> 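Below is a structure I'd like to ask you about.
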Amino acid sequence: MSQAPERPSLGPHFAIYVLGQFDRAAAGVRADVRRAGAAAVRAAVEREIGTWPLRPGAAFTLEVAAILFEVDTTIAAAVLERACERLRRAEASEWERAWHRAAVALLEGPPLVHRTNWIGLTADWPGGRLGVGAGDVGRFGLVPHLSHVRARFARDPEFEFSWGLALEQKAHAWHALRGAVLEGRVNGPRFVFQKEAGRAVLEQPRDVNHQAMFGEVGVQLRDLTDAAAAFDLVRQASPDLRDLALLHLGHVRALRFEFDRALAAWDELEVSADRSIRYLAALLGSRVLARVDRPTEAIVSAAEAVEQMPSAPSALLMLAALRAAAGEDEAAANLVARALASPEDSVDPWWSYFRGHHAEWRPRLQVVRAGW
Amino acid sequence: MVMSRRGALIPALALLIGVRLAAEQRPRFETGVTAVEVEVSVDRDRRPVTDLTVKDFELFDDGVRQALVDATLESRALQLAIAVDTSASATGDLKTAIRRGLTDAVDLAQPGDRVELYALASRLRRIATVSDLDLATGPDGAHTALIDGLAALMLSPPQPPRRRAVVVLTDGIDTNSVISRSQLLTLAGRSASFIHVVAIDDGSGPFQLGAEHFEGYAWILPAITGRTGGRFARVAPRDQLRSTLQAMLDPLRRMYVLRFVPQGVRSAGWHELRVRLTRPGRFTIHARTGYEAGRD
């Protein structure tokens with residue numbers, strides 16, 4: 001199939017690409033040196049970009065950010081925000097929508113945990129000090145960015161999905177940091193976690209550090225409510241994103257301890273055309289079923305996940321854990337052996353559950369390049 | 001916990017035992033196969049005590065004193081499984097310390113031991129040599145499934161006659177496990193392996209905010225190691241790890257095996273174990289804190 005000739009990228013004309021080469025060659029180079037380089041690039045871009053025409057400047061900034069994400073996610077997000085500020089001063093357009101789609105895909109990409117990301121838990125979010133999930137500095141930029149985008153492109157299913165995903169991840173991380181995902185309890189005297197009328201209630205952390213990290217209980221609950229509303233909108237508005245939104249809606253319900261409603265959402269996905277979604281619905285379902293002490297059904301659900309993706313380690317280990325708890329030690333050991341023997345390049349959809357549309361950032365960037 | 005007087009009970013948190021079933025590796029109370037084996041190490045002034053007999057031990061299962069069938073001192077080689085964190089969070093001094101700990105652990109292996117190496121990120125993978133760690137950069141490298149990895153290590157069966165000792169070198173961060181902490185606790189109670197965790201605290205990660213954060217996040221690590229009869233240690237990157245690892249592994253080479261048939265206790269679920277010596281003196285007893293019995 002012939003392709004239209006690709007329009008030349010702006011990137012090669014600028015020294016920023018040297019940074020990319022440096023990064024690839026710099027395994028072992030001190031991280032602070034790399035971050036200093038990224039900061040210098042950021043300063044240069046911010047100094048120069050205001051003199052550029054709007055679209056070339058925004059497109060170039062996007063390319064710069066794509067590289068900077070490999071070095072420092074916070075700096076990359078800041079560079080994107082600078083371009084976003086300029087775009088917001090002009091009339092909204094479909095090209096701008098494409099630009100934001102690429103930017104959001106980039107912002108969804110950083111790994112969940114970075115060495116510096118614990119600091120990120122006190123980040124400023126719209127509406128108050130809410131914190132960032134799993135200490136992910138890279139997602140600093142996602143929520144403020146989406147708050148701008150959602151105002152300009154109201155009820156756009158893709159942006160609504162990303163909004164829900166950011167809030168879901170933040171809430172999930174809040175639970176995970178406390179070692180309490182779906183468990184309804186923590187083993188610490190300063191926390192009381194209980195199920196109350198379908199709502200998770202946490203005693204206000206007394207320690208100032210915990211207050212900074214975990215924020216307020218009401219905020220967490222509001223996040224989950226907002227995330228559920230966003231996913232609900234998406235599943236109704238977008239046939240393409242319907243299954244994905246339903247998958248995440250179920251998880252949000254589970255984080256709210258609405259286990260039956262979570263399972264009901266995932267039940268609808270048994271006939272999804274997307275194998276990864278069928279896999280994740282079964283995997284997450286097994287976790288919730290184990291949580292509510294329905295071990296036989298949990299085993300069935302985990303086995304379904306294994307059937308969908310036979311070499312995905314997460315499902316194999318979940319099934320092994322469930323069967324071991326049922327006294328089936330030999331079967332459990334065999335499943336662990338299968339997980340350990342799964343191919344080196346095997347991919348488990350769970351590993352990218354929170355990464356949204358990150359895998360699509362390159363083609364989305366191509367759309368931006370083609371349009372400016 | 002050190003016993004300072006005759007007859008003092010050993011608090012549960014200080015116990016470090018191994019539980020094995022004489023016939024089938026797991027308690028089966030409803031079928032009449034009820035013998036339970038508990039592996040115990042005893043030392044005095046940091047030197048192993050090797051002259052004890054069955055009359056010197058008392059064992060309590062859920063608070064009920066049990067009649068010991070026998071107590072024998074058994075020397076065994078180790079099946080040593082070493083897992084190291086290779087995820088994106090293990091960088092800089094932390095990475096250096098983890099690699100050093102791995103080398104130390106391998107060095108502590110003795111003739112007759114069998115060594116297995118694992119890299120832990122989003123998944124646990126078996127590697128052939130230490131140098132293979134640098135190749136662990138697949139699609140699973142960004143995250144750490146510490147809980148899942150611990151579960152996999154617990155569920156891998158020992159290969160008798162060796163005792164299976166697992167050493168996990170980690171920063172304590174877990175980002176994407178699917179197995180819950182409560183599930184892991186159950187598995188730990190059933191594990192026939194001794195699980196040791198060395199958490200290297202470089203001033204960031206789950207230990208950054210001190211003890212309170214540790215309680216909220218990483219409490220699972222000492223909890224599960226105690227259940228298996230292993231130990232938990234929190235160290236700094238520049239600490240000498242060799243002595244820590246040696247203190248974990250050496251007691252496993254010579255252990256008393258206490259055998260008993262549970263009497264007067266419920267069949268399924270968690271059983272808290274306590275062991276004490278009747279012999280006077282200051283002894284340190286290491287034993288697991290209990291075991292999980294399942295139904296047939």
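Each chain gets a letter, A, B and so on, in the order the sequences are listed, and its residues count up from 1. Computed from a predicted model, the values in this text were never measured in an experiment.
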> Pair B/Arg125, A/Ser342 - check side-chain hydrogen bond (donor to acceptor under 3.5 Å, both in side chains), show working.
CA-CA 9 Å; B/Arg125 62 169 73 176; A/Ser342 62; over 6 Å; no
> In terms of heavy-atom proximity below 4.5 Å to chain A, should B/Leu187 be classed as side chain, backbone, both, or neither?
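Side chain only.
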> What heavy-atom pair brings B/Leu124 and A/Leu340 nearest, and what distance separates the two atoms?
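Taking every non-hydrogen atom into account, O-CD2, 3.3 Å.
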> Taking non-hydrogen atoms and a cut-off under 4.5 angstrom, which of residues 300-314 of chain A neighbour chain B?
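Result: A/Pro313, A/Ser314.
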> Would you compute the distance between atom CG of A/Asp329 and atom CZ of B/Arg190 and round it to the nearest 0.5 angstrom?
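The CG atom of A/Asp329 sits 4.5 Å away from the CZ atom of B/Arg190.
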> Which atoms of A/Pro295 come close to chain B, meaning under 4.5 Å heavy atom to heavy atom: side chain ones, backbone ones, both, or neither?
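Answer is neither: A/Pro295 stays 4.5 Å or more from chain B.
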> Of all residues at least two apart in sequence or in a different chain, which pass the side-chain hydrogen bond (donor to acceptor under 3.5 Å, both in side chains) check with A/Glu330?
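Expected list: none.
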> Against chain B, label A/Leu335 side chain, backbone, both or neither, depending on which of its atoms sit under 4.5 Å from a heavy atom there.
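Neither part; nothing is under 4.5 Å.
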> When rounded to the nearest 0.5 angstrom, what is the spacing between CG in B/Asp148 and CE in A/Met318?
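Reported value, rounded in 0.5 Å steps: 7.5 Å.
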> As an exercise, state the distance from CD1 of B/Ile147 to CG of A/Leu317, rounded to the nearest 0.5 Å.
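The distance works out to 12.5 Å.
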> Quick one: which of A/Ala315, A/Ala321, A/Ala320 has the most heavy-atom pairs under 4.5 Å with chain B, could you say?
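Looking at each option in turn, the highest pair count goes to A/Ala321.
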